[in-house]
Undergrad: 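Before I ask anything, let me first share the structure, which is written out below as structure tokens.
Both ligands and their constituent atoms are indexed starting at 1 by order of listing. In what follows, every heavy atom counts, from backbone to side chain, and hydrogens, waters and symmetry copies are set aside.
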Amino acid sequence: MAYVLVTGGAGFIGSHLVEALLARGHWVTAIDDLSTGTIWNLDEARKHSRFSYYIDSVMNERLMAELIDRADMVFHLAAAVGVRLIVERPVHTIETNIRGTEIVLELAARKKKKVLLTSTSEVYGKSTKVPFSENDDLVLGSTTRPRWAYACSKAIDEFLGLAYHKQYGMPVVIVRLFNTVGPRQTGQYGMVVPRFVEQALKGLPLTVYGDGTQTRAFAYVGDVVEAMIQLMETPAADGEVFNVGNDREISIADLARLVIARTGSTSTIEFIPFEKAYDQNFEDLQRRVPDLTKIRRLIGYAPKVTIDDIIDKVADFMRERLK
Ligand code: UDP
């Protein structure tokens, strides 16, 4: 049993992580400014006597100092996330992602508290060397294209985390999360699975961007948070970077068909050119698949939940919400 601080604890992934930690018997504190998270995500956690939360920003250094002092370990998930938000609020993205991580690391280093930093598969950028492996080069686009500000800010976070580990011997684990989906994720910021499921349940056309041949590999949030916890329990993970996700690929057009089939929807599929879907400076990625060799070797990680089950779980959640 440990005292655990989760930043971004009211977010989609953060709230699932909070529940998984509580289920393991830990005392959990969440901090979230509700910028993209919501208090409803904590409905289950709030029933728990071992849970407490603060609606505040990780930029509040005084509060963070207190919370990190009280914690044995920190899962740092608070960040500006989602492609759409990044394109719309570039200043906010860069500042939150870099300064927030700096604060967590600075404060945790003083007391040698263990930290997990959540990075993203976005850092691989436009690399075409699929699957992406942790030591591969990062291939980022021009600074005139806002999408890459997100990848860059997260890459700086990784450098910082690794530097704290190297220079101060601080226990830091870095995870690069690939497309992670499940209940509570909203389609508001562009994420494809909740968008398709909501469109299917409402009988609206499913909006496939481009020709739909681009692929992704979707991991269930429950599998992802279990991996994060296990890595924090494994000393050999310190100072290391891990891909976390699923390596089963599906094209976006096939995903649309699968969502329609599994929800029994009458929806059609509408193909929308990228220029119409996004800002003209946006570049979509053709394939994104993690190489999971490293995490499999260290903790025996194997994603359990299939895309069919993920769609069913998301649809069940969405049906409830639409009521
Ligand atoms: N996408 C789509 N329709 C939508 C939302 C997204 O076809 O309504 C596509 C998007 O262009 C991308 C894929 O689905 O190729 C995954 O998008 P998401 O934003 O979920 O994740 P990311 O692009 O960050 O992998």
Undergrad: Using side-chain heavy atoms (C-beta onward) and a distance below 4.5 Å, is Val139 in contact with Tyr124?
TA: no

Undergrad: If you measure every N or O of Phe274 against every N or O of ligand 1, does any of those distances drop under 3.5 Å?
TA: no

Undergrad: May I ask you to list the atoms of ligand 1 that are less than 4.0 angstrom from any heavy atom of Val208?
TA: 7 (O)

Undergrad: List the steps and the verdict of side chain to side chain contact (heavy atoms under 4.5 Å, CB included) for Asp291 and Asp247.
TA: CA-CA 7 Å; Asp291 181 335; Asp247 50 9; over 6 Å; no

Undergrad: Can you find an N or O of Gln199 that's nearer than 3.5 Å to an N or O of ligand 1?
TA: no

Undergrad: Report yes or no: do Glu158 and Ser119 form a side-chain donor-acceptor pair below 3.5 Å?
TA: yes

Undergrad: Which atoms of ligand 1 sit under 4.0 Å from any heavy atom of Arg288?
TA: 22 (P), 24 (O), 25 (O)

Undergrad: Should the proximity of Ile252 to ligand 1, defined as any heavy atom under 4.0 Å, be assigned to the side chain, the backbone, both, or neither?
TA: side chain

Undergrad: Is Arg184 close enough and on-axis enough to Phe317, meaning under 6.0 Å and within 45°, for cation-pi?
TA: no

Undergrad: Is there a side-chain contact between Phe132 and Phe178, using heavy atoms and a 4.5 Å cut-off?
TA: yes

Undergrad: Is it the case that Gln286 and Thr128 place a side-chain donor and acceptor less than 3.5 Å from each other?
TA: no

Undergrad: Under 4.0 Å, heavy-atom basis, I'd like to know which part of Thr207 is in contact with ligand 1: side chain, backbone, both or neither.
TA: both

Undergrad: Is ligand 1 under 4.0 Å from a heavy atom in the side chain of Asn179, in the backbone, in both, or in neither?
TA: side chain

